Amino acid sequence: MKTLQDLQKLRDEAKKRVSMREGDVRYRVLVGMATCGIAAGARPVLNALVEACAKEHYDCTVTQTGCIGMCTYEPIVEVLDQDGKKTTYIHVDAKKAVEILESHVKNGILLEAYSLQ
Amino acid sequence: MMQDFAMHLLDLAHNSISAKATTLLIKVHESPSNDRFEISLTDDGCGMDEETVKKARNPFYTSRTTRRVGLGIPLLEGTTKQCAGKFHLKSTPGKGTTIGSIVPYDCIDRPPLGDVGQCVAMILQASPTLHLTLDYAYESEKFRLDSDEIKATLGDVSIDEPEILLFIQSYVQEHIKALQHGGKSQ
Ligand SMILES: Nc1ncnc2c1ncn2[C@@H]1O[C@H](COP(=O)(O)OP(=O)(O)OP(=O)(O)O)[C@@H](O)[C@H]1O
Ligand SMILES: [Mg+2]
């Protein structure tokens with residue numbers, strides 16, 4: 001079973017990596033986590049994003065937001081780039097979420113099939 | 001619909017965060033021997049006056065502007081009623097809010113507890129500065145997670161680093177599972 005001692009080891013590794021980070025992140029990834037989002041399945045989406053970021057260290061932050069105002073399209077993931085350009089991905093699931101990171105965040109290629117036109 | 005209680009907890013924690021809470025206590029108590037299952041959240045957010053409390057239990061009330069209905073509180077009340085349990089909501093303006101549900105453990109319509117580890121990690125992801133305490137008990141066996149204790153261990157590493165969140169998630173999961181299994185074999 002994990003203990004808080006294990007956390008110390010993890011902290012030292014995280015510290016090294018954080019200190020290597022430079023400047024601002026390239027993308028901000030937002031997940032709608034109001035009741036509508038959670039009920040529609042935003043929780044596994046957020047979890048998949050956090051898990052993928054722990055593994056791949058994408059150049060982005062993942063943040064939760066409230067109701068985006070389009071409840072019927074939930075779960076919604078928004079990707080903002082440094083110029084403030086926003087892409088809205090709709091009906092996202094855990095698998096699509098990881099694809100969005102791989103394609104959009106890592107390679108800069110928008111996934112039009114999943115985005116709101 | 002909410003598939004499990006952890007989903008309600010995550011959702012209601014967002015209400016506390018929106019209410020500018022700095023501390024949040026989540027209690028979960030599973031007691032098969034007393035046929036009792038209990039969850040509650042207590043925050044020190046802005047609170048609600050009596051009128052607002054009344055309104056909040058109505059799905060057609062919300063203080064949000066993006067949508068005309070608020071669902072979080074009525075959904076917990078619905079889940080509670082479905083098991084003939086007790087729903088409670090107490091709030092004091094400027095002091096904070098306590099919301100919770102007590103239902104029979106053996107009610108067949110009771111949703112499972114769900115993944116409390118994931119719920120806790122996501123609350124901390126949503127609000128890394130929150131002082132979050134989880135008090136979990138299975139019968140009389142207790143487990144507590146205190147975000148301040150984690151932060152003290154982390155030093156200047158932020159609690160919302162993805163690896164740290166995943167650690168917290170499985171740390172909570174493992175401890176809860178151990179208590180649930182230990183409890184059953186006794
Ligand atoms: N912990 C709290 N502290 C202060 N006010 C609260 C709290 N919880 C709920 N409220 C008030 O009650 C209203 C209704 O809450 P509820 O969770 O049912 O809906 P919502 O948060 O507005 O929308 P939704 O949950 O559907 O995204 C909120 O808009 C808020 O004004
Ligand atoms: Mg709510």
Side-chain angles (χ1 to χ4, degrees), chain A residues 1-19 21 25 29-74 76 94 101, chain B residues 1-4 6-15 17-18 59 62 64-67 69-76 114-115 117-119 121-123 125-127 145 149-150 152-175 177-178:
Chain A
M1 202 147 64
K2 288 194 177 55
T3 64
L4 290 182
Q5 270 87 53
D6 299 324
L7 184 62
Q8 284 178 7
K9 272 180 245 149
L10 208 58
R11 171 198 64 193
D12 296 337
E13 289 160 29
K15 210 170 182 164
K16 260 187 241 149
R17 233 201 24 270
V18 172
S19 68
R21 253 182 234 160
V25 290
V29 177
L30 307 175
V31 188
M33 291 291 289
T35 307
C36 46
I38 293 173
R43 184 173 60 162
V45 169
L46 175 63
N47 199 55
L49 291 170
V50 171
E51 262 175 21
C53 287
K55 242 191 262 158
E56 299 291 330
H57 307 301
Y58 294 106
D59 195 2
C60 69
T61 56
V62 176
T63 313
Q64 301 175 43
T65 64
C67 177
I68 294 166
M70 302 183 288
C71 306
T72 53
Y73 293 128
E74 296 280 358
I76 295 177
L101 289 177
Chain B
M1 268 313 285
M2 300 293 185
Q3 284 106 5
D4 55 49
M7 255 165 114
H8 282 295
L9 290 173
L10 175 62
D11 177 49
L12 295 166
H14 276 102
N15 285 351
I17 294 168
S18 305
T62 179
R64 63 165 63 259
T65 50
T66 48
R67 148 158 68 72
V69 292
L71 294 172
I73 294 173
L75 279 175
L76 179 66
D115 192 339
Q118 201 179 83
C119 161
M122 286 180 181
I123 294 168
Q125 211 259 353
S127 182
L145 179 104
E149 204 182 329
I150 305 268
T153 310
L154 286 176
D156 51 7
V157 171
S158 175
I159 200 163
D160 63 347
E161 289 294 327
E163 314 61 345
I164 306 297
L165 291 172
L166 292 183
F167 172 88
I168 294 171
Q169 177 176 326
S170 40
Y171 177 72
V172 173
Q173 283 168 348
E174 284 174 12
H175 280 83
K177 210 175 258 168

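Here the structure is a predicted model, which means the values were calculated and not measured. Throughout, protein chains are lettered first and strands after them, A, B, ... in sequence-line order, and every chain is numbered starting at 1.
Partners of Q64(A) under the side chain to side chain contact (heavy atoms under 4.5 Å, CB included) rule, at least two apart in sequence or in another chain, are M33(A), L46(A), H14(B), M122(B), Q125(B), A126(B).
Chosen from H8(B), H175(B), M2(B), K177(B), the residue pairing most often with chain A at heavy-atom distances under 4.5 Å is H175(B). Interface remark: of the candidates K55(A), R17(A), E13(A), R17(A) forms the most heavy-atom pairs closer than 4.5 Å to chain B.
At a 4.5 Å heavy-atom cutoff, the contact between V62(A) and chain B is made by backbone and side-chain atoms alike. For chain B, the nearby parts of E51(A) are the backbone and the side chain; heavy atoms of each come within less than 4.5 Å. Contact of T65(A) with chain B is not made at all, since no heavy-atom distance falls under 4.5 Å. For chain B, the nearby parts of D6(A) are the backbone and the side chain; heavy atoms of each come within less than 4.5 Å.
Although no hydrogens or angles enter the test, the distance criterion places no donor-acceptor pair under 3.5 Å between the side chain of E163(B) and the main chain of A14(A). The backbone N or O of T153(B) lies less than 3.5 Å from a partner atom in the side chain of R11(A), making a donor-acceptor pair.
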Do Q169(B) and N47(A) pass the side-chain contact (heavy atoms from CB on, under 4.5 Å) test, and can you show the C-alpha distance, the side-chain angles, and the key distance before you say yes or no?
-> CA-CA 10 Å; Q169(B) 177 176 326; N47(A) 199 55; 3.1 Å; yes

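The CD1 atom of I168(B) sits 9.5 Å away from the CG atom of L10(A) when rounded to the nearest 0.5 Å. K2(A) contributes atom NZ, which lies 8.5 Å from atom CD of Q173(B) (distance to the nearest 0.5 angstrom).
Summarising the geometry of L7(A) relative to F167(B), their closest heavy-atom pair is CD1-CD2, 3.5 Å, with the distance given to 0.1 Å.
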